[in-house]
2 protein chains.
Amino acid sequence: MRPKLKENVQKSVTLTPLRVACSGCNLRELCLPMKLSIADMEQVDDLISLKHAYQRGDYLYRSGAKFQALYAIRTGFFKTQVLHEDGREQVTGFQMAGEIIGMDAISSDAHACDAIALEDSEVCEIPFGRLEELSRKLPSLQRHLHRILSREIVRDQGIMLLLGSMRAEERLAVFLLNLSQRYATRGYSPTSFHLRMTRQEIGSYLGMKLETVSRTLSHFQGLGLISIRKKSVELNNLSGLQTIVGPPQQLL
Amino acid sequence: MRPKLKENVQKSVTLTPLRVACSGCNLRELCLPMKLSIADMEQVDDLISLKHAYQRGDYLYRSGAKFQALYAIRTGFFKTQVLHEDGREQVTGFQMAGEIIGMDAISSDAHACDAIALEDSEVCEIPFGRLEELSRKLPSLQRHLHRILSREIVRDQGIMLLLGSMRAEERLAVFLLNLSQRYATRGYSPTSFHLRMTRQEIGSYLGMKLETVSRTLSHFQGLGLISIRKKSVELNNLSGLQTIVGPPQQLL
DNA sequence: CGGGGACTTGATACTGTTCAATTTCCGTGG
DNA sequence: CCACGGAAATTGAACAGTATCAAGTCCCCG
């Protein structure tokens, strides 16, 4: 696959740098905002050339495993979770195509959480040593890497806000709206999609029990906000969901 | 202050590189793990030379403010908080001497949270553009920056676990033990310290109401685990607190 | 020395959990 | 292809943990 790609680069002058680096690996996240020359782009392209397939249930990495690479999800769906020694588990995120995963491992050279495929997926490996090396030469790559790391921090802060100060209904509404927006960004319907995760996993992520997730979804359905049947959801009233997130009782 | 420092560098051969870069600014976090030549160290030293004082209640930065620099806390104590439009606020962290703050702003060039001094504090400014520039030249600085960013991600994951799967008692025990450990690292007593924040702020951080914080602290005192009088805490039984965090009822 | 914020404590209300019983669905093997 | 078995999901009822509301105290700062 890769050689063919390189030929494309050389032959097709009309190909924008963007499309070159992203054609081997649909890395919206990694490539979109960068302005690179063709030559530079090829270097980035080389970096992310390794591609692996994972089946549903497979671990992309396990907590404690030696850190070697970041991973760019090309297709599919993952969850990340941290395990407490006493058996508690907390889902820390759901990741879909175009997102980068594994950044927790940089700090200690070992992964701090598990990443598990929720459906069959393809992933590009980004050897971190080489990424650092290359980003020393390419300021725009460097800047982009920093943005990705920082975005993860901001995302986590949002989840803290959610877990620390929202009620069950609000959390679930935020969750659905977030999925909706992410699917929309990727060209899928923002109002009709499949949940790749179980109620239990949603509950773990949102800090509530699976029964509460189920009840709350049923409640939303009763209000006509959504239609849900097992894992297929339809959001019938996006602004209605927004209202639930907003001031439930008049605060401030 | 800075000129004097440079003279020290030139005259005192016995000064280790570490002590040079840290003498102007007590940046355990930023400097400790790096191996740099004297010349490189001086460059890092130059980078972090700007120092500012903040009084209790002052904002180090506000949400939305343009991103210009990271900040290394030299002395004092800060909190960071995110505000939801409907007035809800969530404290996302308490930062003390030696910690780096402001990394949320890299992703969008604007700060995503407020940082407020909880006591009179001194802070070193680290212009981020120059930090990036220098870290392109110094791989060990680059690596260290990445570790700091990643550590923040790991920290946030820990808080998600706390908020998502622990009960009030456990959260508070974790909180006290975490403070204890951080004070110990800095050479202060791990068992006797002042809380710099209000019950309300602790509650916001831990996802509970101030009354619950107060009650739970009283409860710990009743158990003989701690002694607390307003803001002074004494941890009388560290392993007892650990037990509270551990399996409360036999899980798994 | 006053005033107001911070804190504590109690009584009550409510949200979400726990336990339990069914039902539905999906993958597997006959 | 259908039947089966087990996991996932739904729903109900009782319960537990926190939040809420309300007094009252303490103490820090001006």
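Per chain, numbering begins at 1; letters A, B, ... match sequence-line order.
- Note on ring orientation: taking the six-membered ring where Trp is involved, the planes of B:F94 and B:F77 are tilted (angle from 30° to 60°).
- The distance between atom CD of A:E119 and atom P of C:dC26, rounded to the nearest whole Å, is 15 Å.
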Revision key, fill the gap. Protein-proximity profile, nucleotides 8-17 of chain C, B/S/- by nucleotide at the 4.0 Å heavy-atom cutoff, equals BBBB----SB
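- Rounded to whole Å, atom P of D:dT10 lies 15 Å from atom NE2 of A:H219.
- For the helix from C:dC1-D:dG30 to C:dG30-D:dC1, the angle separating the two terminal helix axes comes to 50°, with each axis derived from five pairs and the value rounded to 10°.
- Comment: A:E169 does not engage A:R215 in a salt bridge, judged by the lack of any side-chain N to carboxylate O separation of less than 4.0 angstrom.
- Here the C1' atom of nucleotide D:dA9 and the CZ atom of A:F220 are 17 Å apart, to the nearest Å.
- Going from atom NZ of A:K231 over to atom P of D:dA7 covers 14 Å, rounded to whole Å.
- What separates CG of A:L195 from P of D:dA8 is a distance of 15 Å, to the nearest Å.
- When the side-chain contact (heavy atoms from CB on, under 4.5 Å) test is applied to B:R155, the partners found at least two apart in sequence or on another chain are B:E152, B:I159, B:Y205.
- Here D:dT10 presents its C1' atom at 14 Å from CD1 of A:I202, a figure rounded to the nearest Å.
- Between B:L118 atom CG and C:dA6 atom C1' the separation is 15 Å, expressed in whole Å.
- The existence of a salt bridge linking A:E99 and A:R186 is confirmed by a sub-4.0 Å separation between a basic side-chain nitrogen and an acidic carboxylate oxygen.
- Taking a cutoff of 4.0 Å between a charged side-chain nitrogen and a carboxylate oxygen, B:E125 and B:K51 do not qualify as a salt bridge.
- Looking at B:R56 and B:E119, no side-chain N of the basic residue comes within less than 4.0 Å of a carboxylate O on the acidic one, giving no salt bridge.
- Taking the six-membered ring where tryptophan is involved, the planes of B:Y54 and B:F78 are perpendicular, since the angle between them exceeds 60° and thus also 30°.
- Between the CZ atom of B:R196 and the P atom of D:dC28 there is a distance of 15 Å, rounded to whole Å.
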Point to revise | CA sep, side-chain torsions, deciding dist, call: B:L60, B:I101, side chain to side chain contact (heavy atoms under 4.5 Å, CB included) | key: CA-CA 10 Å; B:L60 176 54; B:I101 190 176; 3.8 Å; yes
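- Inspection of the B:S121 and B:T75 side chains reveals no N or O donor paired with an N or O acceptor under 3.5 Å.
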